[in-house]
Amino acid sequence: MTITIALPSKGRMKDDCSAIFERAGLKIYAVGNDRSYRGRVEGWDDVEIAFLSASEISRELGNGSIDFGVTGEDLVREGLAEADRRVEFCARLGFGHADVVVAVPEIWLDVDTMADLVDVAADFRARHGRRLAIATKYWRLTQQFFSSQHGIQLYRIVESLGATEGAPASGSADIIVDITSTGSTLRANHLKVLSDGVILRSEACLVRARKDAHADTPAVNAIVEAVRSVL
Ligand SMILES: Nc1ncnc2c1ncn2[C@@H]1O[C@H](COP(=O)(O)OP(=O)(O)OP(=O)(O)O)[C@@H](O)[C@H]1O
Ligand SMILES: O=P(O)(O)OC[C@H]1O[C@H](OP(=O)(O)OP(=O)(O)O)[C@H](O)[C@@H]1O
């Protein structure tokens, strides 16, 4: 079978990703011209490369139209229900680090932990006449963390399409769930991460879509071993 590997075509993960593949002996060249979204790997005739955005890669892993993808764990776990059943995280690549966190306004002096937030959420309707509003683009991870792990049911998710950290100040939400890497965006918006509010420590991963045919395809294992050998 032909194995398709999707790699980031742009953005913060692109360059680190090509460097790792090159070190692993998987030298990629574009098919057609430099702006082409297809590539091949020198010496690996049964492998083709698709260049997609990090979020598209998580979607294509879910629908099985690619065999491998390099993308952030956060995007895979947010994009796919039951991610571990549908994909395998084969290697953590050591770049693209970002934590998905719960952050609240710094002026909430009495709120430092998820247990404190459980109390806030329980009282919120009585005090404010509405449910606690959480701005996020990570609604699946938020629901799992709040409802399943912490038993918080009384909240409302406000879907954010960007600038999530601004939501508490603008009044569109009370708290946020978003990614942070250096922490400077949270600080600039006077938000603090709860001490046990890290939902996921994400980084770029080599991810395999689970397919029965992979068991009979030696190149699948060879790709994983080649990448692991340079980490
Ligand atoms: N400071 C950061 N800001 C945003 N994403 C980061 C950061 N650091 C690491 N990442 C990771 O990078 C990935 C997102 O990369 P990028 O923004 O390039 O992709 P994308 O969402 O496909 O791009 P676009 O939003 O332009 O379509 C996520 O897995 C995220 O966790
Ligand atoms: O902790 P920090 O280092 O401040 O990084 C975190 C911020 O970076 C990202 O936004 P970015 O402006 O990169 O744009 P994006 O949301 O389009 O990825 C992310 O959404 C956070 O807002």
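Atoms within each ligand, like the ligands themselves, are counted from 1 in listed order.
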Response to the item:
Heavy-atom closest pair (Leu52 atom, Ala6 atom, distance to 0.1 Å) is CD1-CB, 4.0 Å
Discussion item. What protein heavy atom lies closest to atom 3 (O) of ligand 2? Include the residue and the distance to one decimal.
Written reply: Thr182 OG1, 2.5 Å
Worksheet item: Between Arg130 and Asp174, does at least one N-O distance fall below 4.0 Å, as a salt bridge requires?
Response: yes
Worksheet item: Got a protein heavy atom sitting under 4.0 Å from atom 18 (O) of ligand 1?
Response: yes
Fill in: Residue, atom name and distance, where the atom is the protein heavy atom closest to atom 18 (O) of ligand 2
Arg12 NH1, 3.3 Å
Discussion item. Pair Val220, Asp67 - check side chain to side chain contact (heavy atoms under 4.5 Å, CB included), show working.
Written reply: CA-CA 9 Å; Val220 167; Asp67 297 283; 5.9 Å; no
Worksheet item: Does Gly183 reach ligand 2 with a nitrogen or oxygen that is under 3.5 Å from one of the ligand's nitrogen or oxygen atoms?
Response: yes
Worksheet entry | Protein contact of atom 15 (O) of ligand 1 - nearest heavy atom, named by residue and atom, plus distance | Arg12 CG, 3.8 Å
Practice prompt. Please identify which atoms of ligand 1 are closer than 4.0 Å to at least one heavy atom of His97.
Written response: 8 (N), 9 (C)
Item to complete: Identify the heavy atoms of Ala91 and Leu231 that sit nearest to each other, and give their distance.
Response: CB-CD1, 3.7 Å
Discussion item. Checking a contact table here: which protein heavy atom is nearest atom 27 (O) of ligand 1, and how many Å away?
Written reply: Lys10 NZ, 3.3 Å
Fill in: Atoms in ligand 1 flagged as close to Met13, the criterion being non-hydrogen separation under 4.0 Å
11 (C), 12 (O), 13 (C), 29 (O)
Discussion item. Under 4.0 Å from atom 1 (O) of ligand 2, is there at least one protein heavy atom?
Written reply: yes
Worksheet item: Should the ring pair Phe68 and His214 be called parallel, tilted or perpendicular, given that the plane angle runs from 0 to 90° and is split at 30 and 60?
Response: parallel
Practice prompt. Verify, without hydrogens or angle tests, whether Glu78 (side chain) and Arg140 (backbone) share a donor-acceptor contact under 3.5 angstrom.
Written response: yes
Worksheet item: Where is the nearest protein heavy atom to atom 22 (O) of ligand 2: which residue, which atom, and how far?
Response: Glu165 OE2, 2.6 Å
Discussion item. Give me the nearest non-hydrogen protein atom to atom 6 (C) of ligand 2 as residue plus atom name, then the distance to 0.1 Å.
Written reply: Ile179 O, 3.6 Å
Worksheet item: Does ligand 1 have a heavy atom under 4.0 Å from the side chain of Thr180, from its backbone, from both, or from neither?
Response: neither
Worksheet item: Heavy-atom distance from atom 13 (O) of ligand 2 to the protein below 4.0 Å?
Response: yes
Discussion item. Heavy atoms only, cut-off 4.0 Å: how does Asp178 contact ligand 2, side chain, backbone, both, or neither?
Written reply: side chain
Worksheet item: Is the number of heavy atoms from other residues, nucleotides or ligands under 6.0 Å of Asp110 CG greater than 12?
Response: no
Worksheet item: Protein heavy-atom contact under 4.0 Å for atom 10 (O) of ligand 2?
Response: no
Worksheet entry | Arg92 and Glu73 ion-paired at < 4.0 Å | yes
Practice prompt. Apply side chain to side chain contact (heavy atoms under 4.5 Å, CB included) to Trp108 and Leu117, showing your working.
Written response: CA-CA 10 Å; Trp108 289 19; Leu117 200 56; 4.1 Å; yes
Practice prompt. Write out the residue and atom name of the closest protein heavy atom to atom 4 (O) of ligand 2, then the distance separating them to 0.1 Å.
Written response: Thr185 OG1, 2.5 Å
Practice prompt. Starting from atom 16 (O) of ligand 2, find the nearest protein heavy-atom neighbour and note its residue, name and distance.
Written response: Lys137 NZ, 4.1 Å
Response to the item:
If you scan protein heavy atoms around atom 5 (O) of ligand 2, the nearest is Ser181 OG, 3.5 Å
Discussion item. Do the side chains of Asp84 and Arg77 get close enough for a salt bridge, i.e. N-O under 4.0 angstrom?
Written reply: yes
Discussion item. I'd like to check which ligand 1 atoms, numbered from 1 as shown, lie under 4.0 Å from a non-hydrogen atom of Gly72.
Written reply: 29 (O)
Worksheet entry | Any donor-acceptor pair under 3.5 Å from Arg86 side chain to Ala209 backbone | no
Fill in: For ligand 1, the portion of Ser55 having any non-hydrogen atom under 4.0 Å away
both
Practice prompt. Check each atom of ligand 1 against the heavy atoms of Ser53 and keep those under 4.0 Å away; list them by number with element.
Written response: 22 (O)
Worksheet item: To which protein heavy atom is atom 30 (C) of ligand 1 closest, and what is the distance rounded to 0.1 Å?
Response: Asp74 OD2, 3.4 Å
Worksheet item: Any idea which protein heavy atom is nearest atom 1 (N) of ligand 1, and the distance to it?
Response: Ser181 OG, 3.0 Å
Worksheet item: Does OH belonging to Tyr37 count more than 12 external heavy atoms closer than 6.0 Å?
Response: no
Item to complete: Using a strict 4.0 Å threshold on nitrogen-to-oxygen distance, state whether Arg208 and Glu88 make a salt bridge.
Response: yes
Worksheet item: Which atom names give the shortest non-hydrogen contact between Phe21 and Val70, and what distance separates them?
Response: CE1-CG2, 3.8 Å
Response to the item:
In ligand 2, the atoms that come under 4.0 Å of a heavy atom of Ser184 are 1 (O), 4 (O)
